[in-house]
Amino acid sequence: MIELVLQALYSGFLQGGSYALIAFGLALVFGTLKIINLAHGELVLLSAYIAYTVESRMDVNPVFAIPFALVLVCLCSVLVYYLLSFIRKDRELNSLILTYGIAIVLTNALLMIWSADVRATTSPWLQEALVFGPLASMRSELIFFLVSLILMGALWWWLARSWYGRAVRAVASNREAAKLMGIDPRLTEILSFVVAGILASFAGVALFSYGVIHPPLGEALTLKAFTITVLAGLGSIPGVMLGSILLGLAEALTVTFASSALQDLVGMILLLIVLFVLPNGLFGVTGGRG
Amino acid sequence: MLKLEDVSVRFGGLVALNNVSLSVGTNEIVGLVGPNGAGKTTLFNVISGLVKPTSGRILFDTHDLGSMPVYRRARLGIGRTFQIPQPMHELTVRENLVVAQRFGAGKLDSVKIDEILEITGLDDKSERDASSELSLTELKSLEVAKALATAPSLLLLDEVLAGLESVGKRHFMTLLKSLHERFSLGILIIEHDLETIASLCHRVVVLNFGEVIADGTPENVFRDPEVIRSYTGAEHA
Amino acid sequence: MKVMLLRWAVVVLLAYFFVPWLFGANAYLMSLIVASLVIGGVALAWALLGNLGGMISFGHSAFFGVGAYVSALLAINADFPIWLAMVCGGIGALLVSVLMLPTLRLKGPYFAIAILAYAQIFRIIATEWRSLTNGVAGLSSIPSLPAVLWWESGSKISSYLIVVTLVFAFILVYRWVANSHYGLALRAMHESEDATRVVGVNSTLLKAAMLLLSACMTGMIGAFNAHYINFLEPDYAFGGVWIVIPIVAAIFGGYRTIWGPLVGAVVVYLVDQLLFKNIFPSGHQIILGIILVVMILFSPGGLLPLLTVRTRKRTC
């Protein structure tokens, strides 16, 4: 029993790493533009399918798909931004509908290119079990948890120390004041989409290396990312990390003690509870949404 | 009729109103003055229910307003205007009044609407689009007209005279006086122009930094040195 | 007034006599018409919430699916008469919307996302509650719709007469709400909610009423559809198409009008079914996404208003 719980906690913890990558991309865009990119999950999934193609066509480790994914996903991400920039009227609502439309286009494009079949990696090296005492995981899970830690660390450094990162933070916290200080919000907006794309690329490859993918997964990913965002409060990296691990843990425990089929249900219910009960998230201030 | 007892409002650490007590009697016109940021509009928001007080009691007739929702206060007879006019978008002037009367007063009476349109000088604008086809003066009149359509017994007027040129101002003051007589309304009015207040109000309440610093007849209040200091000091700061 | 009555008489005559008389023999054409009316009905129900209530729902698939499943299960397991089962389907969807009431306190994107989450939750429940819903395998041999007059149960014409009646009922409900004082208050609430509250409008109650009504209508159409096609599976009953088409339709047809969403839904659906389904057998819904993107970028206020000369302000 104890081993089961420990194992579930360990798996959930590792899963939290990639969730953080997905969630932070969404949160960054939400922070700078006050827009929820409903196509974000599909961008992650696109990267996962690129990993699948690289593995199945070139017969190499899907990790080598990362450069291709980076280029394609970042391009798509910036394209989303480009389309969003045309919206003038009722920005909040219309951008939501626009990104929903883009999500539908992407989901169906994935379906047309890669069919509705469920895909998973065939690499034995990635799937090999690494055991520490009572805890076991696939090599890929551990690798991508570390990758996510490094990326989040880099991101933290970038936001806290670099000029561009600070500009992004400034725009996120007060757009008008940032403008007055000479920051071009458009630049920071593009940057946040690029960074979201980078994170999505890594997250997608991670997703493919230890899980299964199929086209409708994108929407669930977006919702999970949003769940973490509301859990965490906006823009705090430790908050996003904690929220991601929390979601990972909740899902892993559900899989262990209830059913793997209910895994996605946990996230949704968590989202509703946080929205209804905790107006400011667990770890910070998100600004009024009620 | 309206009685506030030790009402305080805090937004986070900011104290917007601090232990404010005041009353408006039936058929009384009370002026509410004070420098910008003194908490006058917050006070209106608390009375009409848009802002919840942190502590204190608000009594209206025999009702404790407590956490009563906004719409029920309106139906009880509290009508208010907004400093920045808030016409109901997408509706004509007449439709604005129809909504206000139907929901605020409870029953439709088109004769009464015609009457309100006439006394607020909007009778020839009744089919105009309220949000896009009215001048500022007309928008202010519409604010008052909407409030009147709810058949109020207490009217909260938030700077309905500000921004009007002197002719418009005189017109409005005559209007308010006649309304007051015709519908025997209690009126609480926020206004910067002290002359207007002096000629219109029976009593004046002065707010500064969220606190009541004076309450009395215009003659007495405007002679109070503290009022003069706070008022002029803040105005020129 | 007389012109109005005349126009309605013509529409009713067309719908009830000429369509069955002219096309009744053509099963393919009738099935397209029925399917369009189903989509149109969902779009109308959605528009009641979206256009009148000002709340953009990404979750109508939950109402459609729950209505379909409740009605089908009651008819299969409890031998409910189909009429009653369909009404219960509507009530089931209404109960779902009661669960959604807390979302009304949320603003813009938070409302949209919360509704989206509800839609996912009910799809997962329908998939995983196998003992009740038979899971992904779905329900088959759902009892057919009842006979209407002398047309036998489950025939195309009787199904058509039922759905056309439902859609007419929806139009009447929509018009009644839009032309009532509630409709006025709802219109005003979109951009000036505080202004409506301080004159005595209980805005929360009005929004809740729109949500409940819209859910119930969608549930009944879902129930109709279940008995019409006699088969249900979670991915179909809770499918994204029931979310997307009403949104596309509302934007395509323009906000604030009643014929807009209806015509928009039918046009979009038919183009999708007749044209794109043949070109791209899988993933043809990509076209819905493309239409949505293009519409929102180039004419967010609707396409029909661009084409018609008259202003859209008072054509509810």
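Atom set for the values below is all heavy atoms of this structure, side chains included, hydrogens, waters and symmetry mates excluded. Order of the sequence lines sets the chain letters (A, B, ...), proteins ahead of strands, with each chain counted from 1.
- Contact detail for C:R187 and B:E90: the closest heavy-atom pair is NH1-O, 3.4 Å.
- Looking at C:V201, C:V199, C:L184 one by one, the single match for side-chain contact (heavy atoms from CB on, under 4.5 Å) with B:M88 turns out to be C:V199.
- Of the listed residues (B:V98, B:V99, B:I78), the greatest number of heavy-atom pairs within a distance under 4.5 Å of chain C belongs to B:V99.
- Here the shortest heavy-atom pairing between B:A74 and C:G200 reads CB-N, 3.3 Å.
- If you measure heavy-atom distances from B:P152 to chain C, you find no contacts under 4.5 Å at all.
- A 4.5 Å side-chain heavy-atom check between B:H89 and C:H190 finds every atom pair outside the cut-off.
- Note that OG1 of C:T204 and OH of B:Y71 are 7.5 Å apart. Values are rounded to the nearest 0.5 Å.
- Shown here is B:K52, whose NZ atom has more than 12 heavy atoms of other residues, nucleotides or ligands within 6.0 Å.
- The number of heavy atoms from other shown groups lying within 6.0 Å of CD1 (B:I84) does not exceed 12.
- Both the backbone and the side chain of B:V70 come within contact range of chain C, with heavy atoms under 4.5 Å apart.
- Of all the heavy atoms in B:R102 and C:Y182, the pair that sits closest is NH2-OH, 3.3 Å.
- Contacts between B:L76 and chain C at a heavy-atom distance below 4.5 Å are absent for every atom of the residue.
- Residues B:K146 and C:A195 approach most closely at NZ-CB, 4.1 Å, considering heavy atoms.
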